[in-house]
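What follows is one structure encoded as structure tokens, with my remarks underneath.
Numbers here simply count residues along the sequence, with the first being 1. If you're wondering where the values come from, they're calculated on a predicted model, not measured in any experiment.
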Amino acid sequence: MTPSALKRPLLCSLLAFSLATAFAAPAPTDQQADRWDLAALYQNDAAFDADAQKLSAQLQQLAACKGQLGSTPARLKSCLDLYAEARKRVNTLYVYAAQYYDQDTGDSKGNQLNQRAALLGNEFNQATTFLQPEILALGARRIDAMLAKDKGLQLYRFQLSNMLRSAPHTLDAAGEQLVAQFGLATGSAATIYRTLANAEIPWPSVTLSDGKEVRLDQAAYTKYRGDDNRADRKRVFDAFFGKWKEYERTFGETLYGQLKTDAAYAKVRRYADSQSAALDADHLPPAVYQTLIAQTNANLPTLHRYFKLRARMLGIKDLAYYDIYPPLLKSERTFPLADGKQMMLASVAPLGPDYVKTLASAVNARWMDVYPRPRKVAGAYMNGDAYDVHPYVLLNYTDNYEAVSTLTHEWGHAMHSVLANKAQPSIYAPYSIFVAEIASTTNEALLLDARLKQATDDDERLLYLGAALENLRGTFFRQAMFAEFEAAIHGKVDKGESLTGEQMTAIYADILKRYHGEAQGVMTIDPAYALEWAYVPHFYHGFYVFQYATSIAAAQDFSQRILDKEPGALAAYLKMLSAGGSAYPYELVKAAGVDLASPKPYQALVARMNGIMDQIEAIEGKRGR
């Protein structure tokens with residue numbers, strides 16, 4: 001991590017917009033109790049302004065460090081201390097602005113706060129650009145000597161080592177200052193996408209078979225794409241992606257702009273390509289990405305087996321893309337929030353009494369915004385960057401089992417932040433997405449195990465097994481498919497080729513057909529649905545989604561070893577979470593027992609998926625189906 005890096009992508013539940021819906025849910029008894037309390041960050045606008053002024057004062061003090069880092073070990077430490085405090089403060093300002101905006105995207109104040117936070121972040125980046133070049137100029141030998149003389153400086157050993165590692169990709173002070181100044185000019189693609197996709201697209205309306213007229217925004221699409229009526233599902237897909245088709249050129253331009261930005265930064269920093277630059281930020285071996293894609297493609301027959309099982313259970317002979325979302329078992333079971341909390345707390349008991357006690361207290365505090373509302377951001381995520389406060393969780397809870405799974409997922413993230421913040425200083429509390437999604441998907445795996453043990457009949461077992469199967473499909477195979485698409489479009493732009501929305505659709509269509517077995521007669525893919533790439537916001541955070549797939553593979557391993565009470569497994573797992581960002585993420589996961597650059601964890605996940613299908617087919621066999 002370079003010194004200027006501060007704001008991370010929010011930790012989302014898969015693709016947040018597809019895992020949690022934002023349609024009308026039962027109103028909570030006490031709405032305030034189900035909304036987060038931002039006063040824990042800042043009591044009012046004046047407090048926000050006061051902290052912003054403190055940040056500006058700290059940045060002025062940091063300016064005095066320029067040219068002084070090598071003077072004495074004590075001076076180096078004092079400047080790094082100041083940097084850590086300023087970064088902690090700017091992150092808190094960012095969190096407040098983001099949470100304020102996301103609770104009501106139509107409130108102009110939230111937009112203004114976001115813009116203010118972005119300006120402050122850019123001010124921070126520009127004020128700290130001298131750090132890395134100066135550290136590199138001192139060199140490893142000088143830094144080692146300073147570390148030996150000042151025990152207090154040992155805190156920053158890993159940070160300094162990471163800076164020195166990036167020497168081939170760091171510019172001189174003037175160059176770093178120039179790059180920082182371009183930060184605001186090159187960061188608009190994702191913001192434009194977010195605003196257009198969440199607040200400004202005139203969504204179409206469709207009339208369903210029961211005569212109900214539905215306005216198909218993203219939340220309604222998430223709800224009705226799994227409708228029982230197959231004709232209605234097709235209407236929903238046709239109308240929804242037809243609307244995205246109208247904006248194919250626009251979203252092509254926004255994503256192309258992001259790809260060009262990524263390619264430009266990679267080139268400026270002397271990386272071979274955008275992917276190398278993205279992976280090197282966390283010192284991830286390229287073999288992780290390569291092995292994931294290779295293993296996913298090698299195991300597409302398992303994905304195709306799932307689709308064939310789905311077709312049989314739904315009674316469909318000509319499976320289409322709009323048939324992948326209805327649950328394998330239709331269930332009227334509901335899980336109100338109070339029940340969902342209890343299910344979650346019971347399921348994480350294998351993680352130990354301290355974990356459960358901490359989670360029980362946190363989930364009943366005002367750390368989350370629970371229910372859907374008009375103009376609230378769709379989906380689910382956790383933001384844990386307010387080090388001195390606590391994590392914030394956004395949900396759109398709808399009382400179904402998927403909502404319970406999402407609740408469990410996001411609080412897995414939140415507990416990761418709680419553990420890391422408790423064990424690490426602020427400089428090392430933030431952790432990589434590569435590890436983050438393991439914390440969330442491990443908790444989902446524990447939830448499945450607990451629910452299956454509590455299930456009282458085959459219908460309930462099918463509900464949980466079907467949800468688990470769909471989770472493995474959506475988190476492993478689907479995210480790996482996205483990763484292939486990302487590699488393809490980034491590769492073209494890295495080579496200096498142009499790329500339109502229409503071309504992106506064609507690339508996505510080819511990958512979509514291969515993953516869903518069109519050539520093998522498994523599923524028919526309507527080319528109109530290949531506009532799905534435009535619907536995925538994660539593509540604006542380059543090479544991000546592959547970590548969902550690697551994480552769920554690791555989670556299957558960790559959860560099974562914990563459930564089996566393998567000696568040392570739980571301690572190793574909790575140590576990994578508590579480590580935060582104090583070591584390279586690949587090495588943290590490997591030290592805890594899982595090597596994600598090897599085929600083994602992916603093969604184990606596929607075996608688990610086949611095992612779940614075996615159980616479903618056994619139940620179906622008993623019923624003569």
Which word best sums up how the rings of Tyr464 and Tyr401 line up, parallel for under 30°, tilted for 30 to 60°, or perpendicular for over 60°? tilted
Lys88 with Asp388: basic N within carboxylate O range, under 4.0 Å: yes
Supply the atom-to-atom distance Leu153 CG to Met146 CE, rounded to the nearest 0.5 angstrom. 6.5 Å
Measure across Ser347 and Leu446 and return the closest heavy-atom pair with its distance rounded to 0.1 Å. O-CB, 3.5 Å
Would you say the side-chain atoms of Glu484 and Tyr515 include a donor-acceptor pair closer than 3.5 Å? yes
Any side-chain to backbone donor/acceptor pair from Glu134 onto Leu69? Under 3.5 Å, distance only. yes
Would you check if Leu279 and Phe546 make a side-chain contact, meaning some heavy-atom pair closer than 4.5 Å? yes
Using only atom types and a distance under 3.5 Å, with no angle test, would you say the side chain of Arg473 pairs donor to acceptor with the backbone of Leu303? no
When rounded to the nearest 0.5 angstrom, what is the spacing between CD in Glu85 and OG in Ser426? 6.0 Å
Can you see whether Tyr381 engages Asp102 through a side-chain donor-acceptor pair at a distance of less than 3.5 angstrom? yes
Short side-chain to backbone donor-acceptor contact, Glu176 and Leu171, under 3.5 Å: yes
Are side-chain heavy atoms of Val418 and Trp367 found at a separation under 4.5 Å? yes
Using a 4.5 Å cut-off on heavy atoms from C-beta on, say whether the side chain of Leu394 contacts that of Trp36. yes
State, yes or no, whether a side-chain contact exists between Asn443 and Leu351 at a heavy-atom distance under 4.5 Å. yes
Will you find, in the side chains of Glu444 and Ser405, an N or O donor that is under 3.5 Å from an N or O acceptor? yes
Between the side chains of Gln258 and His541, is a donor N or O closer than 3.5 angstrom to an acceptor N or O? no
Charged N-O contact under 4.0 Å between Asp280 and Arg165: yes
Euclidean distance, Leu469 CG relative to Arg608 CZ, rounded to 0.5 Å: 10.5 Å
Between Tyr540 and His538, does the ring centroid distance fall short of 6.0 Å? no
Please determine, by modelled atom types, if Gln154 and Arg157 share a side-chain donor-acceptor pair under 3.5 angstrom. yes
Minimum heavy-atom distance between Ser551 and Ile433, given as atom pair plus value: OG-O, 4.1 Å
Pair Phe482 and Phe539, ring centroids less than 6.0 Å apart: yes
Do you know which two heavy atoms are closest between Met368 and Trp411, and how far apart they sit? SD-NE1, 3.3 Å
Hey, what do you get for CH2 (Trp533) to CE (Met481), rounding to the nearest 0.5 Å? 14.0 Å
I'd like to know if Glu587 pairs up with Lys590 as an ion pair, taking the criterion as any Lys NZ or Arg NE/NH1/NH2 lying under 4.0 Å from an Asp or Glu carboxylate oxygen. no
List the steps, then state whether side-chain contact (heavy atoms from CB on, under 4.5 Å) holds for Asn471 with Ile552. CA-CA 9 Å; Asn471 189 34; Ile552 197 170; 4.1 Å; yes
All heavy atoms of Thr441 vs all of His409, minimum pair found to be CG2-CE1, 4.1 Å
Going through the checks in order, is the side-chain contact (heavy atoms from CB on, under 4.5 Å) test met by Ile293 and Asn297? CA-CA 6 Å; Ile293 300 302; Asn297 279 274; 3.6 Å; yes
Residue pair Asp282, Tyr586: steps toward the side-chain contact (heavy atoms from CB on, under 4.5 Å) verdict: CA-CA 8 Å; Asp282 279 331; Tyr586 169 75; over 6 Å; no
Residue of the set Gln479, Gln547, His413 for which side chain to side chain donor-acceptor pair (under 3.5 Å) holds with Glu437: His413
Please report the interatomic distance OH(Tyr584) to OG(Ser432), rounded to the nearest 0.5 Å. 12.5 Å
For residues Tyr156 and Tyr428, establish whether the separation of their ring centroids is below 6.0 Å. no
Examine distances only and state if a side-chain atom of Ser166 and a backbone atom of His169 form a donor-acceptor pair shorter than 3.5 Å. no
Would you say Leu596 and Pro601 make side-chain contact, with heavy atoms under 4.5 Å? yes
Output yes when a side-chain donor or acceptor of Tyr548 lies under 3.5 Å from a complementary backbone atom of Ala480, and no otherwise. no
Assess the side chains of Tyr100 and Asn114: does a donor N or O sit below 3.5 Å from an acceptor N or O? no
Is there side-chain contact between Tyr355 and Leu574, with heavy atoms separated by less than 4.5 Å? yes
Quick one, Arg89 and Leu93 - any side-chain contact, counting heavy atoms below 4.5 Å? yes
Intermediate values then yes/no, side-chain contact (heavy atoms from CB on, under 4.5 Å), Ile438 and Val594: CA-CA 11 Å; Ile438 296 174; Val594 178; over 6 Å; no
Atom pair CD1 (Ile562) and CG (Asp557), whose distance is rounded to the nearest 0.5 Å: 9.5 Å
For His490 and Ser274, which heavy atoms make the closest approach, and how far apart are they? ND1-CB, 3.6 Å
If only atom types and distance count, is the side chain of Asn162 paired as donor or acceptor with the main-chain N or O of Phe158 below 3.5 Å? no
Using modelled atom types and a 3.5 Å cut-off, is there a donor and acceptor pairing between side-chain atoms of Thr475 and backbone atoms of Leu472? no
Is the closest side-chain donor-acceptor distance between Tyr431 and Ser417 under 3.5 Å? yes
Answer yes or no: is there a side-chain heavy-atom contact under 4.5 Å between Leu164 and Leu136? yes
For the pair Arg142 (side chain) and Gly70 (backbone), establish whether a donor and an acceptor sit closer than 3.5 Å, ignoring hydrogens and angles. yes
Between Leu62 and Ala86 the two heavy atoms that sit nearest each other are CD1-CB, 4.3 Å
Can you tell me if Asn122 uses its side chain to pair, donor with acceptor, with the backbone of Ala118 under 3.5 Å? no
Where do Tyr306 and Phe477 land on the ring pair (Phe, Tyr, Trp, His ring centres under 6.0 Å) test, with the steps shown first? CA-CA 11 Å; Tyr306 166 59; Phe477 284 104; 9.1 Å; no
Check for a donor-acceptor pair, side chain of Tyr193 on one end and backbone N or O of Tyr535 on the other, with a separation under 3.5 Å. yes
Just by distance, no angles: are the side chains of Asp81 and Ser78 close enough, under 3.5 Å, to form a donor-acceptor pair? no
